[in-house]
Trainee: 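Before I ask anything, let me first share the structure, which is written out below as structure tokens.
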Amino acid sequence: QVTLVESGGGSVQAGGSLRLSCVASGYTYRTACMAWFRQAPGKERERVAVIDGESSTTYADSVTGRFTISRDNAKNSVYLQMNNLKPEDTAMYYCATVPPLGRVRPVCPPPRNEFDYWGQGTQVTVSS
């Protein structure tokens with residue numbers, strides 16, 4: 001059973017930093033595609049950052065230069081370091097994954113952002 005558990009959310013003032021963590025279990029993590037998404041009330045879900053099995057990364061324009069996604073395969077974990085936070089970063093943040101299919105690495109990111117599994121989310125609130 002694949003599970004993703006996020007942590008690290010909280011409330012900070014603009015300009016502050018937070019580090020989100022996501023621990024994965026139940027599948028071969030090392031070559032999985034991992035991503036962070038966010039969704040604010042009344043807005044569409046936005047893909048924030050993606051990291052593939054070789055640690056190649058992709059970022060949304062809105063967070064480039066401020067956020068960094070990374071992974072630790074020994075801990076089955078993916079992280080999102082968020083610096084210089086802005087009020088518009090306020091949202092629920094979700095971890096998502098596409099596991100490998102046997103020895104076949106997933107397309108990362110998958111077409112149409114069709115990730116297979118999602119965490120329960122962690123709230124980030126940035127005040128001005």
Side-chain angles (χ1 to χ4, degrees):
Q1 179 180 358
V2 175
T3 60
L4 301 172
V5 180
E6 302 101 331
S7 62
S11 297
V12 296
Q13 290 190 330
S17 298
L18 284 173
R19 187 189 192 216
L20 306 184
S21 300
C22 172
V23 180
S25 62
Y27 67 105
T28 301
Y29 175 81
R30 184 175 54 85
T31 56
C33 180
M34 304 297 300
W36 287 97
F37 285 77
R38 67 185 180 186
Q39 188 165 22
K43 294 187 177 181
E44 292 188 355
R45 186 174 62 193
E46 177 187 23
R47 192 183 73 199
V48 175
V50 181
I51 186 167
D52 68 13
E54 296 181 352
S55 293
S56 293
T57 58
T58 305
Y59 296 93
D61 290 343
S62 57
V63 306
T64 297
R66 300 187 298 121
F67 292 10
T68 302
I69 188 171
S70 61
R71 66 191 298 159
D72 184 339
N73 291 339
K75 296 181 178 180
N76 283 9
S77 295
V78 62
Y79 307 99
L80 187 67
Q81 178 66 44
M82 305 185 294
N83 298 327
N84 190 22
L85 282 160
K86 303 176 180 181
E88 52 263 43
D89 295 318
T90 296
M92 185 71 79
Y93 283 71
Y94 298 91
C95 175
T97 186
V98 180
L101 185 60
R103 293 185 177 183
V104 178
R105 297 189 177 208
V107 174
C108 188
R112 298 174 296 279
N113 280 328
E114 291 178 340
F115 284 79
D116 294 330
Y117 300 96
W118 296 79
Q120 82 289 351
T122 185
Q123 177 69 37
V124 171
T125 302
V126 184
S127 58
S128 58

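Remember, it's a predicted structure, so these values are computed and weren't measured experimentally.
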Trainee: Quick one: side chain to side chain donor-acceptor pair (under 3.5 Å) partners of Arg103, sequence neighbours excluded?
Mentor: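 Residues passing side chain to side chain donor-acceptor pair (under 3.5 Å) with Arg103: none at all.
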Trainee: Under 4.5 Å between any side-chain heavy atoms of Glu54 and Arg105, yes or no?
Mentor: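 In short, these two side chains touch, coming nearer than 4.5 Å.
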Trainee: Considering non-hydrogen atoms only, spot the tightest contact between Gln123 and Ala91 and give its length.
Mentor: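 Scanning both residues completely, I find the closest heavy atoms to be NE2-O, 3.3 Å.
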Trainee: Please give the remaining members of the hydrophobic cluster of Val126, linking ILVMFWY side chains under 4.5 Å, ordered by chain and number.
Mentor: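 So far as hydrophobic clustering goes, Val126 is joined with Val2, Leu4, Val12, Leu18, Leu20, Tyr27, Tyr29, Met34, Trp36, Val48, Ile51, Tyr59, Val63, Phe67, Ile69, Val78, Leu80, Met82, Leu85, Tyr93, Tyr117, Val124.
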Trainee: Checking side-chain polar atoms at under 3.5 Å, does Ser62 have a donor or acceptor matched by the opposite partner on Glu46?
Mentor: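 Ser62 vs Glu46: donor-acceptor pair found between side chains.
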Trainee: Output the rest of the hydrophobic cluster of Met92: all Ile, Leu, Val, Met, Phe, Trp and Tyr residues reachable through side-chain heavy-atom contacts under 4.5 Å, sorted by chain and number.
Mentor: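 In the cluster with Met92 are Phe37, Tyr94, Val98, Phe115, Trp118.
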Trainee: Looking only at heavy atoms, which two atoms of Val23 and Ser77 are closest? And how far apart?
Mentor: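 Between these two residues, the closest heavy atoms are CG2-OG, 3.6 Å.
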Trainee: For a quick test of reading the model, state the closest non-hydrogen atom pair linking Cys33 to Pro109 and the distance between them.
Mentor: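 Scanning both residues completely, I find the closest heavy atoms to be SG-CA, 4.1 Å.
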Trainee: Are the side chains of Arg71 and Arg30 in touch, meaning some heavy atoms are under 4.5 Å apart?
Mentor: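 Not in contact.
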Trainee: Of all heavy-atom pairs between Val50 and Ala35, which one has the smallest distance, and what is that distance?
Mentor: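 Val50 and Ala35 have their closest heavy atoms at CG2-CB, 4.0 Å.
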Trainee: If you look at every heavy atom in Gly121 and Glu6, which pair is closest and at what distance?
Mentor: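 Looking at all heavy atoms of both residues, the shortest contact is N-OE1, 2.9 Å.
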Trainee: Which atoms form the tightest heavy-atom contact between Arg47 and Ala60, and what is the distance?
Mentor: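 For Arg47 versus Ala60, the nearest heavy atoms are O-CB, 3.4 Å.
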Trainee: In terms of side-chain geometry, is the basic nitrogen of Arg66 or Asp89 positioned less than 4.0 Å from the acidic oxygen of its partner?
Mentor: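 Looking at Arg66 and Asp89, the cut-off is met.
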Trainee: Within a radius of less than 6.0 Å around CD of Glu114, do more than 12 heavy atoms belonging to other residues, nucleotides or ligands occur?
Mentor: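 Result for CD/Glu114: enclosed.
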Trainee: Hey, does the side chain of Arg45 reach the backbone of Ala40 with a donor-acceptor pair shorter than 3.5 angstrom?
Mentor: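 No, the answer is negative, given that no donor and acceptor are paired below the 3.5 Å cut-off.
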Trainee: Give the C-alpha distance, both sets of side-chain angles, the deciding distance and a yes or no for side chain to side chain donor-acceptor pair (under 3.5 Å) between Ser25 and Thr3.
Mentor: CA-CA 5 Å; Ser25 62; Thr3 60; 2.4 Å; yes
Trainee: Taking the side chain as every heavy atom from C-beta outward, state whether Arg38 and Thr90 have any pair of such atoms under 4.5 Å apart.
Mentor: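 Sidechains of Thr90 and Arg38: no contact.
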Trainee: Please round to the nearest 0.5 Å and tell me the distance separating atom OG1 of Thr28 and atom CG of Asn76.
Mentor: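 Between atom OG1 of Thr28 and atom CG of Asn76 there are 9.0 Å.
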Trainee: Donor-acceptor check, side chain of Thr125 to backbone of Ser11, threshold 3.5 angstrom: yes or no?
Mentor: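 No, because the side chain of Thr125 does not come within donor-acceptor range (under 3.5 Å) of the backbone of Ser11.
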